[in-house]
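Down below is the structure, laid out as structure tokens.
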Amino acid sequence: MKEMNVLVINCGSSSLKFQLINSSSEEVIAKGLCERIGIEGSQMTYTPAGGEKQETVTPMADHTQAIRLVLDALTNKEYGVVKSLDEIGAVGHRIVHGGENFASSTLITDEVVKAIEECNDLAPLHNPANLIGIRACKELMPDTPMAAVFDTAFHQTMPEEAYLYGLPYHYYEDYKVRRYGFHGTSHSYVSHRAADMLGKDYQDLKIIVCHLGNGASVSAVKNGKCVDTSMGLTPLEGLIMGTRSGDMDPAIIEFLCGKEKKTVNEILNILNKESGVLGLSGGFSSDFRDLEKAYQAGEVSAIRTMKAFAYRVVKYIGAYTAAMNGVDVICFTAGIGENNSFIRTLITSYLGYLGITIDEEANAKRGEEIEISAPDCKTKVLVIPTNEELAIARETVALL
Ligand code: ADP
């Protein structure tokens with residue numbers, strides 16, 4: 001395969017994260033973040049490999065302007081990493097929702113843009129922003145091939161019984177109301193790495209991936225296919241997250257609307273932004289570093305919060321073990337899963353029924369690929385740092 005540099009773009013409504021990755025060394029040549037796009041005080045941070053991180057506060061009226069700044073930085077004479085835009089061979093875009101239209105990544109054409117637009121309804125906060133990123137890149141680099149890599153695609157292999165809700169069936173037929181799942185790029189990357197680490201064939205394994213970051217989800221991967229995942233139509237379902245509630249009785253919404261004299265939208269906003277561990281800890285923090293410190297200091301709000309967070313993960317592991325009739329390997333990834341050994345201890349303390357015991361010395365390590373189950377355990381427990389940008393770059397190159 002031809003060696004090239006791939007620009008990976010993750011466009012949010014007011015932010016844009018980017019990495020330039022070399023396809024053959026898989027090294028990050030430069031990376032950065034534009035924040036507060038279209039808002040006063042926009043700023044870009046840019047870090048070339050081996051160089052100083054730079055912060056530029058400059059107005060960015062829209063995403064096109066932000067991408068222009070990114071391209072200027074990458075080609076800058078002083079601190080740039082490529083001589084011209086010709087040295088960027090492709091762009092890989094992270095797209096949040098592909099609905100049922102996309103079961104895999106795809107090269108971006110006008111039809112693909114249209115099909116992504118059709119999914120806007122399903123992810124009104126994310127997809128329009130992703131599309132703005134595509135259009136801005138197209139304007140500035142019209143001849144550079146671009147790929148769309150979807151958060152939902154990996155989960156499209158789920159069987160009907162896993163993706164259907166217990167609702168009138170015509171809601172699925174009419175509006176495509178079903179489980180989609182998110183973080184698919186991460187679940188795919190981590191489950192493949194797990195097979196590599198164990199030296200086993202991906203197709204032969206039953207894998208549970210716990211992606212525990214600010215947003216968090218669990219997936220069950222059986223014989224090389226995702227068979228279930230905890231997020232649903234939207235990322236609100238499943239685990240207790242940084243600020244999202246996760247699973248709850250849907251009747252709570254109407255109950256709270258009445259008690260608090262709020263609209264459904266206002267309550268949903270609370271379920272997305274003020275709930276989860278932030279809400280459970282009484283507004284103390286959504287950051288597990290703070291929560292762990294407070295837990296160790298005996299703070300009751302942090303204790304109840306971390307226990308509830310861990311317990312929800314434990315329930316999903318149990319459910320997915322049953323769904324797959326067993327589990328060979330459980331993986332922890334993302335900010336909390338990779339770095340917080342204490343939460344891994346809380347979760348794995350429930351897993352004696354799987355014969356799991358933890359190697360405390362291995363578990364004390366942080367942010368590296370490591371097996372943390374004791375050597376004689378039949379079910380393995382692995383920590384695997386996720387790398388969604390690298391996975392997007394690989395998918396992009398594979399499509400060309
Ligand atoms: P997202 O990508 O969904 O925004 P991340 O995967 O970055 O979220 O995860 C954020 C969470 O990871 C925070 O709760 C944070 O406390 C936790 N985290 C990040 N780094 C560390 C660390 N070094 N030690 C403990 N927890 C960490």
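In each ligand, atom 1 is the first atom listed, and ligand 1 is the first ligand listed.
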- prompt: Which heavy-atom pair separates V383 from G337 by the least distance, and what is that distance?
  reply: CG1-O, 4.0 Å
task: Anything under 30° is parallel, anything over 60° is perpendicular, the rest tilted; go ahead and classify Y171 against Y175.
output: parallel
- request: Could you tell me whether Y180 and H97 have their ring centroids closer than 6.0 angstrom?
  value: yes
message: Ring centres under 6.0 Å, that's the criterion: do F288 and F342 meet it?
response: no
query: Under 4.5 Å between any side-chain heavy atoms of N22 and V28, yes or no?
result: no
Residues in contact with ligand 1, criterion: heavy atom under 4.0 Å: G213, N214, G215, S286, D287, F288, R289, A334, G335, I336, N339, R366
field: Any side-chain donor near an acceptor of the partner, H211 and S217, under 3.5 Å
entry: no
